[in-house]
Amino acid sequence: MTALPVGSIDHKSFGWWGMMTVIMTEASLFAYLLFAYFYFLVHYGHGWIAEKPGLALAAPNTAILLLSSLFVWWAESCAARDRRGAQAVGLAIGVVLGVVFLAIQILEWREKPFTIASTSYGSSYFITTGFHMAHVVVGVLMLAAVLLWSLLGYFDSRRRAPVSIAAVYWHFVDLVWLAIFFTFYLTPYIG
């Protein structure tokens, strides 16, 4: 099968710029959610936190998400060099690690002694991590679609915009997780 007959050439297409706009609006959402956490923390102090979070699941999960970002970056760089097999492998590993992240996050949710309705802390935690999980699901679906198209041979070094668009979204999801991890998992131990 040959490359797509239509579409943007190079990686910074109109779709890429559109994704940057989506990312800016979504970053605002997460900024507001994290602001709410810090607002409550400043007003109520560390006693507001329902329980100090354990890092037994969250720290390895953070490493898994960062590793997935590394493989997605590798896949994108392979797309630029017409290394289709390596590109597909990188995307596949990114998808698998994204699904593993979601499974561990769901396991962590089930182990929490509080709920979304029990306290304002619980609401803040579950809403913020829930929105992030929704973004991870979207990212995994984007990576899976790009993986399928890669396997069908739709991309080459000139026509790889969808790979770059999916990759930039995935990196955004990972950066948001780092902010969430710092906020919910590390700040309770500071001060």
Side-chain angles (χ1 to χ4, degrees), residues 12 15-46 48-55 57-73 76 94-95 97-112 114-146 162-191:
K12 290 194 178 168
W16 188 88
W17 288 106
M19 181 55 73
M20 294 307 288
T21 304
V22 168
I23 286 171
M24 289 181 347
T25 60
E26 296 301 302
S28 298
L29 167 71
F30 284 105
Y32 290 128
L33 291 172
L34 295 177
F35 173 82
Y37 171 91
F38 286 110
Y39 178 83
F40 285 126
L41 186 62
V42 166
H43 284 285
Y44 299 119
H46 282 285
W48 169 72
I49 298 171
E51 78 165 5
K52 286 198 175 185
L55 299 175
L57 292 176
N61 221 16
T62 300
I64 287 167
L65 206 55
L66 291 174
L67 189 59
S68 75
S69 201
L70 180 66
F71 277 103
V72 169
W73 169 81
E76 184 182 15
V95 168
L97 291 174
V99 170
V100 169
F101 174 87
L102 287 169
I104 293 172
Q105 190 67 36
I106 290 169
L107 178 65
E108 186 176 9
W109 267 24
R110 296 180 81 194
E111 292 181 354
K112 293 293 179 195
F114 53 87
T115 67
I116 193 170
S118 62
T119 65
S120 57
Y121 175 80
S123 295
S124 182
Y125 173 81
F126 283 109
I127 288 171
T128 305
T129 58
F131 269 115
H132 182 262
M133 284 175 59
H135 283 75
V136 172
V137 168
V138 170
V140 165
L141 292 174
M142 288 174 68
L143 292 176
V146 171
V163 177
S164 295
I165 292 166
V168 75
Y169 183 82
W170 191 252
H171 300 318
F172 162 71
V173 167
D174 289 2
L175 284 173
V176 167
W177 177 254
L178 289 177
I180 291 170
F181 180 74
F182 173 78
T183 300
F184 283 94
Y185 294 91
L186 299 182
T187 61
Y189 294 99
I190 299 172

For the atom pair CG (Leu97) and CG (Leu102), what is the distance rounded to the nearest 0.5 Å? 11.0 Å
Regarding Ser68 and Trp170, is there a side-chain donor-to-acceptor distance under 3.5 Å anywhere? yes
Atom pair CG/CG of Asn61 and Leu55 - distance to nearest 0.5 Å: 11.5 Å
About how many Å separate CD of Glu76 and NE2 of His171, when rounded to the nearest 0.5 Å? 5.5 Å
Backbone N/O of Ile116 and side chain of Ser123: donor-acceptor pair under 3.5 Å: yes
Here the pair of heavy atoms bringing Thr187 nearest to His46 is O-CE1, 3.2 Å
For residues Leu57 and Glu111, report the shortest heavy-atom separation together with the two atoms involved. CD1-OE1, 3.7 Å
Residues Met142, Met19; criterion side chain to side chain contact (heavy atoms under 4.5 Å, CB included); working and verdict: CA-CA 12 Å; Met142 288 174 68; Met19 181 55 73; 3.5 Å; yes
To the nearest 0.5 Å, how far apart are CG in Leu29 and CG in Leu33? 4.5 Å
Under 6.0 Å between the ring centres of Tyr125 and Phe114? yes
For side chain to side chain contact (heavy atoms under 4.5 Å, CB included), just list the numbers for Tyr44 and Tyr121, CA-CA rounded to whole Å, side-chain angles, deciding distance to a tenth of an Å, and then say yes or no. CA-CA 10 Å; Tyr44 299 119; Tyr121 175 80; over 6 Å; no
If you draw a 6.0 Å radius around CH2 in Trp73, do more than 12 non-hydrogen atoms from other residues or ligands fall strictly inside? no
Looking at side-chain heavy atoms only, is the closest gap between Tyr37 and Ile49 below 4.5 Å? yes
Look at the side chain of Thr128 and the backbone N and O of Ser124, then say whether any donor-acceptor pair between them is shorter than 3.5 Å. yes
Just say parallel, tilted or perpendicular for the rings of Phe181 and Tyr185, cut-offs at 30° and 60°. parallel
Check this for me: Tyr39, atom OH, are more than 12 non-hydrogen atoms of other residues, nucleotides or ligands nearer than 6.0 Å? no
Interatomic spacing from CD1 in Ile180 to CG in Leu186 - rounded to 0.5 Å: 12.5 Å
Glu108 and Thr129, any side-chain heavy atoms less than 4.5 Å apart: no
Counterpart residues, ring-ring contact (aromatic ring centres under 6.0 Å, His included), relative to His132 (two or more places apart): Phe101, Trp177
Which heavy atom of Phe172 sits nearest to which heavy atom of Ala27, and what is that distance? CZ-N, 3.7 Å
Any side-chain heavy atom of Lys112 sitting closer than 4.5 Å to one from Phe126? yes
For residues Trp16 and Tyr169, establish whether the separation of their ring centroids is below 6.0 Å. no
Within the side chain of Tyr189, is there an N or O that forms a donor-acceptor pair under 3.5 Å with the backbone of Pro53? yes
All heavy atoms of Pro162 vs all of Val146, minimum pair found to be O-CG2, 3.6 Å
Short question: side chain of Ser69, backbone of Leu65 - any donor-acceptor pair under 3.5 Å? no
Taking every heavy atom of Ala179 against every heavy atom of Leu34, the minimum-distance pair comes out as CB-CD1, 3.8 Å
Closest non-hydrogen atom pair between Gly15 and Ile165, with its separation: C-CD1, 3.5 Å
For the pair Val176 and His135, evaluate side chain to side chain contact (heavy atoms under 4.5 Å, CB included) and give the outcome as yes or no after the intermediate values. CA-CA 10 Å; Val176 167; His135 283 75; over 6 Å; no
When you look at Leu66 and Leu178, which way does the side chain to side chain contact (heavy atoms under 4.5 Å, CB included) test go after all the steps? CA-CA 9 Å; Leu66 291 174; Leu178 289 177; 4.0 Å; yes
